[in-house]
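Ligands are counted one by one from 1 in listed order, and the atoms in each one are counted from 1 as well.
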Amino acid sequence: MLTTLDGRMVSEKIAAELSLEIKRLKIEPGLAIIQVGDLATSSLYIKRKIAFANKIGVRVDHLRFSEDSYQDELLSEIDKLNHNNDVGGIIVQLPLPNKLDKSKIVEEIAPEKDVDGLRVGSIFTPATARGILSLLDHYQIKISGKRVVVVGRSTLVGKPIARALLSRGATVTICHRQTQNLADETRRADILVVAAGSPHLIKENYVKPGQVVIDVGLSSTGEGKLLGDVDQVSVREIVSAISPVPGGVGPMTVVSLFLNLLDAYKSK
Ligand code: ADP
């Protein structure tokens with residue numbers, strides 16, 4: 001029997017609890033989102049975060065900068081937000097235009113407000129990784145002692161996921177573009193997490209019976225359809241659990257960002 005790891009349903013459940021907790025705290029948490037330029041995917045992600053924030057009672061300040069802004073303008077805005085007590089979390093929506101020094105900008109965020117977990121050695125677990133842990137926990141999928149294979153080693157997604165699962169006791173292998181015989185590696189996993197940004201990379205010969213598959217990929221086709229990294233139709237018959245795209249990791253990532261924000265307020 002195939003279990004669908006329903007991120008939308010789980011995220012709504014967590015959102016309801018979050019919203020109650022925010023009411024109980026009697027604070028109106030504030031989140032600042034900095035956007036540079038107007039990349040369509042970034043605007044879409046921000047729109048989702050704002051809609052979610054409205055639902056749970058979080059105020060969002062969406063600060064927009066033009067594509068050709070200077071680094072110093074951004075640094076001084078972040079500095080202002082760092083000192084603003086009405087702002088509990090600061091997000092710099094990535095990617096940034098190439099001429100800006102991403103790590104310099106990200107490192108400017110005060111550690112206790114870095115709710116996206118972007119800084120090196122951040123005290124927050126990046127939202128995607130936290131979301132995947134919550135999704136696995138909700139379905140009572142054991143992590144400790146399991147063989148986990150993560151496809152993708154990006155700083156924001158692949159590596160933090162691998163680190164989070166490692167710290168929960170999994171034996172973790174990270175695969176990437178230079179990996180030889182990817183299918184041999186992925187078939188060995190108990191839990192396979194795919195964050196390669198390569199639509200339908202994972203097909204039936206990459207999986208084995210009984211596996212749990214987490215699809216982190218999100219690519220949009222020309223026609224506006226969203227595709228994951230896993231060819232869901234061809235692996236469904238084989239694996240035991242899978243997260244769909246859309247409706248899997250995406251909503252879990254959004255809710256996790258706000259869990260980080262609440263943690264930021266609680267630790268104040
Ligand atoms: P994201 O931000 O979604 O993680 P990136 O493009 O930054 O996306 O990173 C993609 C990662 O996936 C890289 O680490 C890359 O090596 C890996 N990757 C991409 N395509 C393949 C592939 N065909 N086989 C194995 N790994 C891949």
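- At a 4.0 Å cut-off, at least one heavy atom of A195 sits close enough to ligand 1 to count as contact.
- The V157 neighbourhood of ligand 1 comprises atoms 2 (O), 4 (O), with distances under 4.0 Å to a heavy atom of that residue.
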Using distance only, find each side-chain donor-acceptor pair of residues 202-210 under 3.5 Å and give its atom names and separation, not counting sequence neighbours.
unit_1	atom_1	unit_2	atom_2	d
K203	NZ	H200	O	2.8
E204	OE1	S234	OG	3.2

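- Under the 4.0 angstrom criterion, atom 6 (O) of ligand 1 counts as lacking any protein heavy-atom contact.
- Which of S154, G152, A196 comes nearest to atom 10 (C) of ligand 1 through a heavy atom is settled by distance: it is A196.
- Put simply, the side chain of V216 reaches to within 4.5 Å of the side chain of V193, judged on heavy atoms.
- Scanning all protein heavy atoms for the shortest distance to atom 20 (N) of ligand 1 gives R177 NH1, 3.6 Å.
- With distances taken over non-hydrogen atoms, the option nearest atom 26 (N) of ligand 1 out of H176, R153, E185, K159 is H176.
- Nearest protein heavy-atom neighbour of atom 24 (N) of ligand 1: L182 CD2, 3.7 Å.
- With hydrogens and angles ignored, the 3.5 Å screen pairs a side-chain donor or acceptor of D190 with a backbone N or O of R147.
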Stepwise side chain to side chain donor-acceptor pair (under 3.5 Å) test for T179 and E185: CA-CA 9 Å; T179 300; E185 300 292 340; over 6 Å; no
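- Contacts between V216 and ligand 1, counted as non-hydrogen atom pairs separated by less than 4.0 Å, are absent for every part of the residue.
- Cation-pi geometry between K99 and Y70 is met: under 6.0 angstrom from the ring centre, within 45 degrees of the axis.
- For S198, no nitrogen or oxygen atom sits less than 3.5 Å from a nitrogen or oxygen atom of ligand 1, counting backbone and side chain alike.
- Remark: minimum distance from atom 23 (N) of ligand 1 to any protein heavy atom is reached at L201 CD1, 3.5 Å.
- Applying the side-chain hydrogen bond (donor to acceptor under 3.5 Å, both in side chains) test to every pair with at least one member in residues 123-135, sequence neighbours left out, gives these pairs: R130-N260, R130-D263.
- Contacts between L156 and ligand 1, counted as non-hydrogen atom pairs separated by less than 4.0 Å, are absent for every part of the residue.
- In this structure, Q71 contributes its side chain and D101 its backbone to a donor-acceptor pair below 3.5 Å.
- Here the side chain of E28 pairs no donor or acceptor atom with the backbone of V58 at under 3.5 angstrom.
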